There are 2 protein chains.
Amino acid sequence: MPQLRTRSEQLNRHLRAAPQLFERLRERIIALDLPPGAPLSRVELMAEFGTSVTPIRDALQRLAEEGLVEIYPQHATVVSRIDLAQAAQTQFLRRSIELEIAATLARAADHATFDALRAILARHRAALNDLTEFKRLDMRFHQAMYEAAGVPDLWALVRSRSGHIDRLRALHLPIAGKAKAILRDHGRILDALEARDTAAAQRAVHEHLSGTLTQVAAIAKRHPEYVRQS
Amino acid sequence: MPQLRTRSEQLNRHLRAAPQLFERLRERIIALDLPPGAPLSRVELMAEFGTSVTPIRDALQRLAEEGLVEIYPQHATVVSRIDLAQAAQTQFLRRSIELEIAATLARAADHATFDALRAILARHRAALNDLTEFKRLDMRFHQAMYEAAGVPDLWALVRSRSGHIDRLRALHLPIAGKAKAILRDHGRILDALEARDTAAAQRAVHEHLSGTLTQVAAIAKRHPEYVRQS
DNA sequence: GCTGATGCACTAATGCATTAGCGTCCCGAA
DNA sequence: TTCGGGACGCTAATGCATTAGTGCATCAGC
């Protein structure tokens, strides 16, 4: 993780062009506002953001490292198609980490940790009808487990690799009862952790993270132009 | 993972300046040829590699994303100190993934996979006295497991995050019998996988990956100037 | 008269703008 | 169907603006 060293760097970070461009483009790609296959013309981006090519190049290179854009040197830069293999590997990654986090917390988490997680879960339950807040607290719950297990950077890692999965989620149809299932899963995980039952906690994590990508086949058929043929 | 699209890109990739600079600098940092704290002056690098600042800037930014250099804007760019917290998190990451890989392979690997792993292990045993080949085959064994489990990109991910650990390894004293312990561990893992004994395979993986960072405290005391004070 | 602090100017290094060079793809003609 | 020319746009080079750190000079206080 690049840390912020000086006070002025903290102030300037949001003034620097390239990171801002990266974030804004990333959001638009993940929201499918920039759909897979869309060309990313540097001259258009120059006009839109009022910068020169250098910050744009930097942002596009970072996006390419996350797999969200593909740069064909000397030819073009386009939004990448959704790579189901990459999405599956990221899901494997996340499941691996969170299973191990569950084992760690079941063994060694203290009361303050459980209190913090319960507090998040309570707020999460209260946000059942506020979709953006619900999503935020969903992530917050997982992030808190990463931090409690001493691996906060791995949360950032998983997030940074989730571009393809996030785009699949954006194509998901809203499923009735999905939110309640999430709350139920989080509650089960927490109960098992507090009971120091490693196996139960891992089962709950496994189940929680297995349901996410059930519709992929249907999505791939509904939007073949969005999915990489491989 | 950025994939190579066109034939000529594959050819030119090794001609492009920035990736070459990145690789060479990375090797020198990991080998401690460029020790923590060493300044990376653009003008010196320009003179040394015969390019302009743009490829150098690209390479340094990629190194910064991997945590191997720290860029203080308008001031300096230096090789980062070894971050023990980051190293521990990377080790957690690797252990998490390989435990899950072990579960996957114990459940579903076929004979061809085991044959391939046994072949690598045999060559590995034969390379007991060739250090560089031994290290190469060590990595090859793990990489083969990632590939067999269907997550080849996660191997690249772990590798790319291993900079701090690799530098710790470079400071390790050679331990008598270390190589034989590695071979024994790999053999145990493979035996358990072939016996479809998930628990035993995971125990073997856990033990194999636990011994790596035993000397950290001693190293931090021997080379305090190399380690980030946190 | 001496010591310490404050302020200003200078140096150095990065981010960004601008420009040149060159490879790739497309399209039309043979 | 194949080959060549041209447009497109990505990489690299060069120059400029901004900013952090440093050192010296000046001034106030003892």
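Letters go in sequence order (proteins before strands), and every chain restarts at 1. No experiment lies behind these values; they were computed from the predicted model shown.
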What integer distance in Å separates [X]:[atom1] from [N]:[atom2]?
{"X": "A:Ile56", "N": "D:dA12", "atom1": "CD1", "atom2": "C1'", "value": "17 Å"}
{"X": "A:Leu45", "N": "D:dG9", "atom1": "CG", "atom2": "P", "value": "12 Å"}
{"X": "B:Gln61", "N": "C:dC16", "atom1": "CD", "atom2": "P", "value": "9 Å"}
{"X": "A:Leu21", "N": "C:dC16", "atom1": "CG", "atom2": "P", "value": "9 Å"}
{"X": "B:Arg42", "N": "C:dA13", "atom1": "CZ", "atom2": "C1'", "value": "7 Å"}
{"X": "B:Arg57", "N": "D:dG15", "atom1": "CZ", "atom2": "P", "value": "17 Å"}
{"X": "A:Leu40", "N": "D:dC10", "atom1": "CG", "atom2": "P", "value": "9 Å"}
{"X": "B:Glu44", "N": "C:dA13", "atom1": "CD", "atom2": "P", "value": "9 Å"}

[X] near the nucleic acid: base, sugar-phosphate alone, or nothing, with a heavy-atom cut-off under 4.0 Å?
{"X": "A:Thr51", "result": "sugar-phosphate"}
{"X": "B:Val43", "result": "nothing"}
{"X": "A:Thr77", "result": "sugar-phosphate"}

Pair of N/O donor and acceptor under 3.5 Å linking D:dA12 base with B:Ser52 side chain: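 Not at all, since no donor on one side and acceptor on the other fall under 3.5 Å apart.
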
Per the atom types in the model, does the base of D:dT19 pair as donor or acceptor with the side chain of B:Gln74 at under 3.5 Å?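 Checked by distance alone, the answer is no.
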
Judged by each residue's nearest nucleotide on DNA chain C, which is more toward the 5′ side, A:Met46 or B:His75?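 Closer to the 5' end of DNA chain C: B:His75.
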
Quick one: sort the A:Tyr226 and A:His223 rings into parallel, tilted or perpendicular, breaks at 30° and 60°.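 A:Tyr226 vs A:His223 ring planes: parallel.
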
Over 60° means perpendicular and under 30° means parallel, so classify the ring planes of A:His186 and A:His142, tilted if in between.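 Perpendicular, since the angle between the ring planes exceeds 60°.
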
Please name the residue in the list A:Thr77, A:Val78, A:Ile71 that meets the side-chain contact (heavy atoms from CB on, under 4.5 Å) test with A:Leu40.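 Testing A:Leu40 for a side-chain contact (heavy atoms from CB on, under 4.5 Å) against A:Thr77, A:Val78, A:Ile71 leaves exactly one candidate, A:Thr77.
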
Establish, from distance only, whether the side-chain atoms of A:Asp115 and A:Thr113 form a donor-acceptor pair under 3.5 Å.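 No - no donor-acceptor pair under 3.5 Å links their side chains.
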
So, for A:His124 and A:Phe134, is the gap between ring centers shorter than 6.0 Å?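 Ring-ring flag for A:His124/A:Phe134: true, centres closer than 6.0 Å.
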
